[in-house]
Amino acid sequence: MVEQNQPGLTDTHHDLAVAGLKFKKKKETMGDSCDSVSIDIEMIPFGGKECFVETSKGRISVYVCGDQEKPALITYPDVALNYMSCFQGLFFCPDAASLLLQNFCIYHIDAPGHELGAPVMSAEVPLLTVDDLADQVAEVLDFFGVKKVICLGVTAGAYILTLFAMKHKERVLGLILVSPLCKSPSWTEWFCNKVTLNLMYYYGMCGVLKEFLLHRYFSKEVRCGNQGVESDIVQACRRLLDERQSTNIMRFLQAIHERHDLTERLKNLQCKALIFVGENSPFHSEAIHMSAKMDKRTNALVEVQACGSLVTEEQPQAMVNSIEFFLMGYGFYRQIQVPTPTFSTMTNLLSSPSLCISHELLSPESLGLKLKPIKTRVSVEV
């Protein structure tokens, strides 16, 4: 059973209202200068439709963007975030949009009770485990008739999609993981989770809790800024957290807090994996551990400098080239509009690296050089 959208919204153009936010494009400097989109939105036209799919584990929100005849890419956000607050920076990046939206139908899966306007989940609804959440992803794909997917997940969402790939090897073509989790919580994470859960239980989405979550998502440079002022992206996230139901967040965080260690099963993954992690992420060491334990022939680790866990929002442009090279292995390419040739335009086109990518640039060694300010770790067996 599926319920589409909200009353009065069309299937093809769902305008999402987010309180007190405006859209603007801002140039920020982090290491090397690059254009990044700072999203501070009031009304964003996000072409697509929101569906509520009834699964055996409960109702779940799925936002579908694109032609469902195209190959499928599914996303899963981190704790307390939904697809808008977790992936909008990446999908608003023009290069990423031309690559992802033109090649795939995107299925944005939110954790239960994390969608915009979600009501408080009843205490009578059973708590879900990480295995339940992974099985729920499979039921969503069954509903839409999707057989095989590429997965994009952030931190807790990356864990759920990795577990899904382990349980349903035949359905996952590739994993794109951002600051992923794979081990049981460390003592530090265990303590932070316990504090967060207690704060939510007694005080709801209070100021201290928001600081805990913002520390989880963003680097100090973005949270504090050059003059001690929060960046627009952090202010926007802070306001979005005000809209979350703390009870619903507790349920997802409790499942992640009780997760099991996936380390021993990582080598059995049959798909390729591309792992991003910010060098200032609290989960930096876990991403390196995960990459080291996976098959060295099928995974690459990209460390993004001066960045926290939420690379999709903090430095989305740094992800584009790596994702583009990764998807080339599946036959997906960014569509580039070539102008009508003239003498002057031909000179520019022939010298354009986006139109003529040499084979040498696809090697792991060159990949690291092309993706400044990031470091790429790829193990190659001779």
Side-chain angles (χ1 to χ4, degrees), residues 18-21 38-41 75-90 110-118 120-121 130 133 153-160 178-181 185-186 188-225 229-259 276-278 280-284 286-287 307-316:
V18 182
L21 306 175
S38 176
I39 303 299
D40 203 18
I41 39 183
T75 72
Y76 210 109
D78 192 19
V79 170
L81 301 176
N82 56 28
Y83 78 94
M84 281 291 292
S85 51
C86 194
F87 298 105
Q88 62 186 2
L90 179 63
D110 284 334
H114 279 54
E115 69 273 9
L116 286 172
V120 177
M121 298 179 70
V130 288
L133 294 171
V154 175
T155 312
Y159 180 94
I160 298 300
V178 182
S179 304
L181 305 174
S186 64
T188 301
E189 187 192 347
W190 182 91
F191 176 77
C192 288
N193 287 346
K194 280 294 185 181
V195 171
T196 302
L197 288 167
N198 278 292
L199 284 172
M200 278 191 282
Y201 181 80
Y202 289 107
Y203 303 105
M205 188 57 72
C206 60
V208 176
L209 176 56
K210 281 187 277 191
E211 293 304 322
F212 265 84
L213 291 172
L214 292 173
H215 180 270
R216 176 188 179 98
Y217 305 146
F218 299 110
S219 65
K220 183 178 180 180
E221 289 83 356
V222 172
R223 284 184 284 115
C224 299
V229 179
E230 286 184 342
S231 67
D232 293 336
I233 195 171
V234 174
Q235 293 179 34
C237 187
R238 186 185 294 278
R239 288 191 288 267
L240 285 164
L241 289 174
D242 287 331
E243 303 297 318
R244 304 276 75 83
Q245 299 288 356
S246 57
T247 301
N248 300 354
I249 298 172
M250 284 179 60
R251 299 170 70 91
F252 187 23
L253 182 57
Q254 186 68 44
I256 294 299
H257 181 64
E258 297 174 356
R259 68 183 185 270
F276 294 93
V277 64
N280 298 325
S281 168
F283 310 107
H284 179 266
E286 187 145 351
C307 190
S309 299
L310 204 56
V311 185
T312 52
E313 292 297 304
E314 196 168 334
Q315 291 199 43

Heavy-atom check, side chain of M205 versus side chain of L199, under 4.5 Å: no
Measuring from atom OH of Y217 to atom CG of L310, what distance do you get when rounded to the nearest 0.5 angstrom? 8.0 Å
Hey, is the main chain of V222 close enough, under 3.5 Å, to the side chain of E314 for a donor-acceptor pair? no
Considering all heavy atoms, the nearest P112-L133 contact: CD-CD2, 3.7 Å
Do NZ/NE/NH1/NH2 and the carboxylate oxygens of E230 and R238 come within less than 4.0 Å? yes
Which atom of G308 lies closest to which atom of S281, heavy atoms considered: C-CB, 3.9 Å
Between atom CZ of F212 and atom NE2 of H215, what is the distance when rounded to the nearest 0.5 Å? 9.0 Å
Can you find a heavy atom in the side chain of I249 that is under 4.5 Å from one in the side chain of M200? yes
Would you find a donor on one side and an acceptor on the other, under 3.5 Å apart, between the side chain of H114 and the backbone of N82? no
Considering all heavy atoms, the nearest S309-V178 contact: O-CG1, 3.5 Å
Any heavy-atom pair between the side chains of E286 and P180 that's under 4.5 Å? no
I'd like to know if the side chain of S85 and the backbone of C237 have a donor-acceptor N/O pair within less than 3.5 Å. no
Between N248 (side chain) and M121 (backbone), is there a donor-acceptor pair under 3.5 Å? yes
Would you call R259 and E189 a salt bridge, using N to O less than 4.0 angstrom? yes
pair K210-D242: side-chain heavy atoms closer than 4.5 Å: yes
When you compare the side chain of R223 with that of I233, does any pair of heavy atoms fall below 4.5 Å? no
Test side chain to side chain contact (heavy atoms under 4.5 Å, CB included) on Y76 and V154; report intermediate values, then the result. CA-CA 7 Å; Y76 210 109; V154 175; over 6 Å; no
Are T155 and V79 close enough that some pair of their side-chain heavy atoms sits under 4.5 Å apart? no
Drop me the distance from S246's OG to L197's CG, to the nearest 0.5 angstrom. 11.0 Å
Donor-acceptor pair, side chain of S179 and main chain of V277, under 3.5 angstrom: no
Shortest non-hydrogen contact between R216 and D78, atoms and distance: NE-OD2, 2.8 Å
Using 0.5 Å steps for rounding, measure from the CD atom of Q245 to the CD atom of E243. 9.0 Å
Of all the heavy-atom pairs spanning V130 and A255, show the shortest one and how long it is. CG1-O, 3.3 Å
With a 4.5 Å cut-off on side-chain heavy atoms, are Y203 and L209 touching? no
Let me confirm one number: the CD-CG distance from E211 to L214, rounded to the nearest 0.5 Å. 5.5 Å
Under a 3.5 Å threshold, yes or no: a donor from one side chain and an acceptor from the other, between N193 and T196? no
Closest heavy-atom pair, D110 versus E115, reported as atoms and distance to 0.1 Å, is OD2-CA, 3.6 Å
Atom CG of L213 and atom CG of L81: how far apart are they, to the nearest 0.5 Å? 8.0 Å
